[in-house]
Amino acid sequence: RKKKSPPISEALKELTWGESHFKVMKYIEKLIKKRYKTAISSSFDGLKADKLRREMKAEIDSLKDHYVEFNGQRTGYAVTFIKDDFAQNNGETMLKFDEGSRQRYFFFRYDELWKIVVSYPVMPDSSFESFLKQVQGKYGRAKKQDWETPHGGGRHLVRALWEDDKTRLVLEDKASFYGCYVMKLVSRVKGKEITKLHEEFLRGTASEL
């Protein structure tokens with residue numbers, strides 16, 4: 001019998017849609033502590049352990065510096081691969097968690113989590129297809145795939161989508177512009193409504209909220 005793929009919402013781990021940024025910060029704090037715990041407990045040098053504890057505290061403390069409110073000010077994010085994932089003056093905020101090679105962006109509207117974007121650096125020997133295969137290994141075949149044929153180029157895969165009743169998962173190939181592959185987890189309930197608002201903002205037709 002074929003093993004059933006886990007639901008997409010499992011990718012949220014301990015988080016659920018609609019949680020506040022404080023809850024998400026606590027979750028990230030737990031991840032940071034877990035990462036340092038092994039290094040601290042295996043360090044027989046007291047000074048080294050103290051240094052690691054200080055680094056851990058600094059990383060946890062810096063989380064609040066990576067919380068951004070989109071109130072119309074320049075944030076620098078308008079020229080990055082997440083430029084279409086938020087709108088200004090729409091009750092939206094974002095928390096960025098830098099994990100070295102991988103970055104995670106948690107998006108909120110009225111302080112309710114509705115989207116998570118994760119960027120993965122493109123390695124020299126990797127391809128978007130191999131990245132897609134890893135995700136398919138976990139969640140089964142994609143429900144939808146988008147292909148593009150650039151001028152004079154061969155047809156290639158640029159996007160794939162999976163979903164369950166609560167969560168939509170999208171993979172996007174941003175390698176040529178931004179040097180990364182992007183995974184987006186979006187709340188199906190809130191995501192539809194907020195994405196529609198974003199489209200209206202882009203068209204300049206959104207009424208002031």
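Under the 3.5 Å distance criterion, with hydrogens and angles disregarded, no donor-acceptor pair is assigned to the side chains of Ser9 and Trp17.
In this structure, the side chains of Ile116 and Val24 stay at 4.5 Å or more apart for every pair of heavy atoms. By the 4.5 Å heavy-atom criterion applied to side chains, Lys190 and Arg109 are not counted as neighbours. The shortest side-chain heavy-atom distance between Thr16 and Lys23 does not fall under the 4.5 Å cut-off. The side-chain heavy atoms of Ile8 and Arg168, taken from C-beta on, include no pair separated by under 4.5 Å. Counting heavy atoms from C-beta outward, Lys166 and Leu12 have side chains that stay 4.5 Å or more apart. Residues Lys33 and Ile60 form a side-chain contact, since some pair of their non-hydrogen atoms from C-beta on lies under 4.5 Å apart.
No chain of hydrophobic side-chain contacts below 4.5 Å, direct or via other Ile, Leu, Val, Met, Phe, Trp or Tyr residues, connects Val158 to Tyr181. Linking Ile, Leu, Val, Met, Phe, Trp and Tyr residues whenever their side-chain heavy atoms come within less than 4.5 Å places Val122 and Leu171 in a single cluster. Both Tyr67 and Leu31 are members of a single hydrophobic cluster when ILVMFWY side chains are connected at heavy-atom separations under 4.5 Å.
Below 30°, between 30° and 60°, or above 60°: for His21 and Phe108 the angle between ring planes is above 60°, a perpendicular geometry.
Identified under the ring-ring contact (aromatic ring centres under 6.0 Å, His included) test for residues 23-60, with sequence neighbours left out: none. Sequence neighbours left out, the pairs with a member in residues 75-93 that pass salt bridge (Lys or Arg N to Asp or Glu O under 4.0 Å) are Asp85-Lys115, Asp85-Lys184.
Of the residues listed (Glu59, Glu99, Glu29), the one engaging Arg35 in a salt bridge (charged side-chain N to carboxylate O under 4.0 Å, His left out) is Glu59, and it is the only one.
Evaluation of the salt bridge (Lys or Arg N to Asp or Glu O under 4.0 Å) rule for Lys51 yields Glu55 as partners, not counting sequence neighbours. Checked against salt bridge (Lys or Arg N to Asp or Glu O under 4.0 Å), Arg159 has the following partners two or more places apart in sequence or in another chain: Asp146, Glu172. Looking at residues two or more places apart in sequence or on another chain, you find a side-chain hydrogen bond (donor to acceptor under 3.5 Å, both in side chains) between Glu69 and Asn71. Every side-chain hydrogen bond (donor to acceptor under 3.5 Å, both in side chains) that Ser119 has, sequence neighbours left out, goes to Gln103. Shown here are the salt bridge (Lys or Arg N to Asp or Glu O under 4.0 Å) partners of Glu148, two or more places apart in sequence or in another chain: there are none. Not a single salt bridge (Lys or Arg N to Asp or Glu O under 4.0 Å) links Lys192 to another residue, sequence neighbours left out. Take Arg53 and apply the side-chain hydrogen bond (donor to acceptor under 3.5 Å, both in side chains) test, not counting sequence neighbours, and it matches Asp50.
Classification of Lys26 and Glu19 as a salt-bridged pair fails, no side-chain N sitting under 4.0 Å from a carboxylate O. The pair Lys138-Glu10 does not meet the salt-bridge criterion, since no charged nitrogen lies less than 4.0 angstrom from a carboxylate oxygen.
Proximity of a side-chain donor or acceptor of Ser62 to a complementary backbone N or O of Asp65 within less than 3.5 Å is not detected. Remark: side-chain polar atoms of Ser130 are not paired, donor with acceptor, to backbone N or O of Ser126 under 3.5 angstrom.
Hydrophobic clustering, defined by side-chain heavy atoms of Ile, Leu, Val, Met, Phe, Trp and Tyr closer than 4.5 Å, leaves Phe22 isolated from every other such residue. Counting side-chain heavy-atom gaps under 4.5 Å among Ile, Leu, Val, Met, Phe, Trp and Tyr, the cluster of Ile194 also holds Val68, Phe70, Tyr77, Phe81, Ile82, Phe86, Met94, Tyr105, Phe107, Trp114, Val117, Phe177, Tyr178, Val182, Val186. Connectivity analysis of hydrophobic side chains (ILVMFWY, heavy atoms under 4.5 Å, direct or indirect) links Val170 to Leu161.
Within 6.0 Å of the NZ atom in Lys96, the count of heavy atoms belonging to other residues, nucleotides or ligands exceeds 12.
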